[in-house]
Number of protein chains: 2
Amino acid sequence: MTSRKVVSFENIKVACKNCSLATLCLPMGLTPDDVERLDCIIKRGRPYHRGDHLYRGGDKFHSLRVITSGSVKTYSPNEDGGEQVLGFHLPGELIGLDAIQDDCHTCSAIALETTAVCEIPFSQLESLSAIMPSLQHQMYRLLSREIGQDTEMLTLLGKKSAEERLATFLLSFSERFKQRGFSASDFFLSMSRHEIGNYLGLAVETVSRLFTRFQDENLLRVERKHVQLLDIPRLYDIVQGCDSAKSSQSRV
Amino acid sequence: MTSRKVVSFENIKVACKNCSLATLCLPMGLTPDDVERLDCIIKRGRPYHRGDHLYRGGDKFHSLRVITSGSVKTYSPNEDGGEQVLGFHLPGELIGLDAIQDDCHTCSAIALETTAVCEIPFSQLESLSAIMPSLQHQMYRLLSREIGQDTEMLTLLGKKSAEERLATFLLSFSERFKQRGFSASDFFLSMSRHEIGNYLGLAVETVSRLFTRFQDENLLRVERKHVQLLDIPRLYDIVQGCDSAKSSQSRV
DNA sequence: AGAAATTCTTGATGTTGATCAAGTCGTTTT
DNA sequence: AAAACGACTTGATCAACATCAAGAATTTCT
């Protein structure tokens, strides 16, 4: 409100070496010296608000981005107006890897809530990785991991039932929240039912019904975006498919 | 039959610079000098026969492989005995990128017919790429392209109808054969209906019925593995979805 | 605060593609 | 050549999930 500087967070220096996400992010496996050099090329801009685009399909590609807080949805606007949600991204996750191919973003990224990111100019990252073997190695691993995750998703969409898809989805968030030091069983989802359905290849109504069913079966409690997983082991059984859920279900 | 050496293909030196696939493969964008250095680390082994594994999920990762002739299916054996086909690979295509992540193959690769490959020891490739910026750049692009292809596949499996899936599949082969100097409209598929169905998330019976239907509609002629595309533009219309096929169909 | 617009839920109905079952064709084995 | 096997096709039936429709709960707008 007042123009007088009191405490401005803008002046607080953020650095990879102090970042709680370092172990989840690019710096993983680098020496402190290497992290320092990486830190020098990273730009930290203002936060995005819900609905802001980080980039759009077709935009020229400059930087990879690491989410540092908030969450992001990536999607590819497909020919007939609709969209395909490609992923939901949490702090520590790197986005934009698909754009290296031809210097042009092939999909769009939009903030699902107030979101901060680190921008890593790719040409500088590339130069740096040429003189830092550990960074180059880390980059190859990261790109490869992304491929591995995509192929897991292919199996999900190719073979799994609606029930298995939603269980997989919930456990993915559970694991990722846990990794980040949050509760594995009590969290808020920042995306709508519609977006979940789109991502999982299901209709909104199916997602809604499944939430209700899971709740009726005491697998979880859900109220709007707030989810509490009550029986994680049985959710894992559902993910396995083959109705093996029944076998682990305590027979009364 | 005789042990006397007459003409042995084994003695014929193969080199990237003479390879007709160079423009589709890693050497793309490298200077002749760079190709020479890359060539030095590549191993060319004996061909695989139909059904031979190039590697299996869980195997230690040593090398990326480029198909030079024949074709390969990659698949991930999933928990309950079944498998998910991840891709079909033609000459010039690189496989094994998913294994960089943790030095271990996450999926299996099997020859669909007599198949030859170049092996590229990854640790050597990595060292080489650190001193050859153009090779490093090419590697990043390649990995990024793989990610882009996977996300296209996600859209296919998430949103498209059976008809759209098969049309997309056929056109993908059409384009890839064309790129390689073969007919875009007359080719042999090296995989079974079962494998096509698995890849596309469809039952064998559905694939079979669709081939029949496409033939009845004069989109193609098919006899066992031999496919002749008769109306490629209309196949593209089908891929677009939205029944836009009708609009481009010449009204009589 | 009240109205309008979204988002989510729930029910009824419909359609696509899976599953089950049988038969044909082609290839391999003996 | 006959038999056995596997790949493919075709038909009949079924189930899972989409679509359509309406109402409830929230959020946003004015």
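Note on naming: letters A, B, ... go to the chains in the order of the sequence lines (proteins, then strands), and numbering restarts at 1 for each one. Since we're looking at a predicted model, the values are computed, not measured.
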For [X] and [N], what is the distance between atoms [atom1] and [atom2] respectively, to the nearest whole Å?
| X | N | atom1 | atom2 | result |
| --- | --- | --- | --- | --- |
| R193(B) | dG6(D) | CZ | C1' | 14 Å |
| E223(B) | dT9(D) | CD | P | 10 Å |
| H194(B) | dC8(D) | NE2 | C1' | 13 Å |
| H226(B) | dC8(D) | NE2 | P | 16 Å |
| L166(A) | dA16(D) | CG | P | 17 Å |
| L189(B) | dA7(D) | CG | C1' | 15 Å |

*Among side-chain atoms of D98(B) and S144(A), is any donor-acceptor pair under 3.5 angstrom?*
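Result is no, nothing qualifies.
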*Establish, from distance only, whether the side-chain atoms of T212(A) and Q215(A) form a donor-acceptor pair under 3.5 Å.*
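Result is no, nothing qualifies.
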Which residues pass the side-chain contact (heavy atoms from CB on, under 4.5 Å) test with [X], not counting sequence neighbours?
| X | value |
| --- | --- |
| L189(B) | F169(B), L170(B), F173(B), F187(B), M191(B), I196(B), F211(B), V227(B) |
| E152(A) | none |
| S69(A) | A116(A) |

*With sequence neighbours excluded, give me every salt bridge (Lys or Arg N to Asp or Glu O under 4.0 Å) pair touching residues 181-207 of chain B.*
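Residue pairs with at least one partner in residues 181-207 of chain B: K73(B)-E195(B).
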*Using the C1' atoms of the five pairs at each end, what is the angle between the end axes of the helix from dA1(C)-dT30(D) to dT30(C)-dA1(D), to 10°?*
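Answer for the end axes of this duplex: 50°.
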Who pairs with [X] by ring-ring contact (aromatic ring centres under 6.0 Å, His included), at least two apart in sequence or on another chain?
| X | value |
| --- | --- |
| H105(A) | Y55(A), F61(A) |
| F88(B) | Y199(B) |
| F188(B) | H226(B) |

*Mind checking which nucleotides bracket the chain B contacts on DNA chain C, 5' to 3', with an atom under 4.0 Å from a heavy atom?*
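So the outermost contacting nucleotides come out as dG17(C) to dC20(C).
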*asked:* Show me the pairs that pass side chain to side chain donor-acceptor pair (under 3.5 Å) and involve residues 170-179 of chain B, at least two apart or across chains.
replied: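 Counting only pairs at least two positions apart or across chains, the side chain to side chain donor-acceptor pair (under 3.5 Å) contacts touching residues 170-179 of chain B are E93(B)-R176(B), S172(B)-R176(B), E175(B)-Y236(B).
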*For R56(B), what residues pass the side chain to side chain donor-acceptor pair (under 3.5 Å) criterion, not counting sequence neighbours?*
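R56(B) satisfies side chain to side chain donor-acceptor pair (under 3.5 Å) with H53(B) only.
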*Would you jot down, in residue-number order, the residues of residues 199-215 of chain B having a non-hydrogen atom under 4.0 Å from DNA chain C?*
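G201(B), L202(B), A203(B), E205(B), T206(B), R209(B) - these, ordered by number, are the residues of the stretch whose heavy atoms sit under 4.0 Å from the strand.
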